[in-house]
Amino acid sequence: MKRKMRYSCKKCNFKWEGTSYTFEQVREHEKTHPVKSK
């Protein structure tokens, strides 16, 4: 069973809705934002 998932980026207005199979799009999008590590 495929569950619908939702994601909206807090840093920009990127929104995604789909299944875990297309979640890779979210990971790719996250890479476009520089991650600040302490």
Side-chain angles (χ1 to χ4, degrees):
M1 187 179 111
K2 291 178 191 154
R3 273 187 30 234
K4 275 274 193 178
M5 297 164 68
R6 283 177 188 212
Y7 169 87
S8 49
C9 187
K10 295 172 180 72
K11 295 169 185 148
C12 70
N13 58 8
F14 173 80
K15 280 188 168 50
W16 168 88
E17 192 174 329
T19 62
S20 54
Y21 293 105
T22 57
F23 190 74
E24 197 59 39
Q25 293 170 9
V26 174
R27 289 207 186 99
E28 286 300 313
H29 172 78
E30 284 285 313
K31 289 177 190 170
T32 65
H33 292 297
V35 178
K36 290 186 181 124
S37 56
K38 292 180 181 177

*From Met5 CE over to Thr19 OG1, what is the distance, rounded to the nearest 0.5 angstrom?*
8.0 Å
*Listed partners of Arg27 passing side chain to side chain donor-acceptor pair (under 3.5 Å), at least two apart*: Glu24
*Measure the acute angle between the ring planes of Phe14 and His29, then classify it against the limits of 30° and 60° as parallel, tilted or perpendicular.*
parallel
